[in-house]
Amino acid sequence: AQTVTQSQPEMSVQEAETVTLSCTYDTSESNYYLFWYKQPPSRQMILVIRQEAYKQQNATENRFSVNFQKAAKSFSLKISDSQLGDTAMYFCAFRAGNYGQNFVFGPGTRLSVLP
Amino acid sequence: DGGITQSPKYLFRKEGQNVTLSCEQNLNHDAMYWYRQDPGQGLRLIYYSQIVNDFQKGDIAEGYSVSREKKESFPLTVTSAQKNPTAFYLCASIERTGNGATNEKLFFGSGTQLSVL
């Protein structure tokens, strides 16, 4: 079974600074997808970024980028130029590529952006 | 706009009572999911359905039941057998493409907070 670990329960960063959230996963699958979801105080889950395991290039979405290390099974999220609106819970998630496979979520990292 | 609607936003359950959480989607998605979220924990899968009239147990199905009579609807019943039902419940759906693979993006509803009186 796949597992997802987020070793940082809480983090904080000053506004405009850069922060990196860690995620590691365990799987024997070769084809899979990785995701970062954001859950602000409204508790609405929002997809931040996703990465296909077969792609070597790291995904980027505006201020959000990932560092995907397949051999190390590591998938960290970097937030540049942090904004107050980035304050949220961040969940790392894994999904095997076979049809019908479910998502596995990590326990989350609570990020606070400080003014 | 297309999306997933969960209702009610807040729900209170009395001891021994069954309650039903509603989840409706107009995204034409085949697969739907129910997750439970407790403070300090990630999302745990309760039930999922890949197609109408079919559903499967997730990791924590005990004390819950579902139905999938329509593609758009996937209600979750929290039964009296669920002794610790206080949690935030999220419904989600995923698109399935024609070749059998799935679009891997999960769409979420806004959630229901269930509390015990």
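Reminder, nothing fancy here: chain letters follow the sequence lines and each chain counts from 1. Because only heavy atoms are used, hydrogens play no part in the values below, and waters and symmetry mates are left out as well, while side chains stay in.
For Leu45(B), the part lying near chain A is the side chain, with the backbone staying farther off; criterion is any non-hydrogen pair under 4.5 Å. Residue contact with chain A, scored on non-hydrogen atoms closer than 4.5 Å, involves the side chain of Gln37(B) exclusively.
For Arg43(A), the side-chain contact (heavy atoms from CB on, under 4.5 Å) partners at least two apart in sequence or on another chain are Gln39(A), Phe88(B), Gln113(B).
Between Asp54(B) and Arg68(B) there is no salt bridge, since no side-chain nitrogen of the basic residue lies less than 4.0 Å from a carboxylate oxygen of the acidic one.
Ring to ring, Phe75(A) and Phe94(A) are not that close: their centroids are 6.0 angstrom or more apart. Checked against the 6.0 Å centroid threshold, Tyr47(B) and Tyr33(B) do not count as a close aromatic pair.
Contacts with chain A were tallied for Ala92(B), Gly111(B), Gly109(B); Gly109(B) has the most, counting heavy-atom pairs under 4.5 Å.
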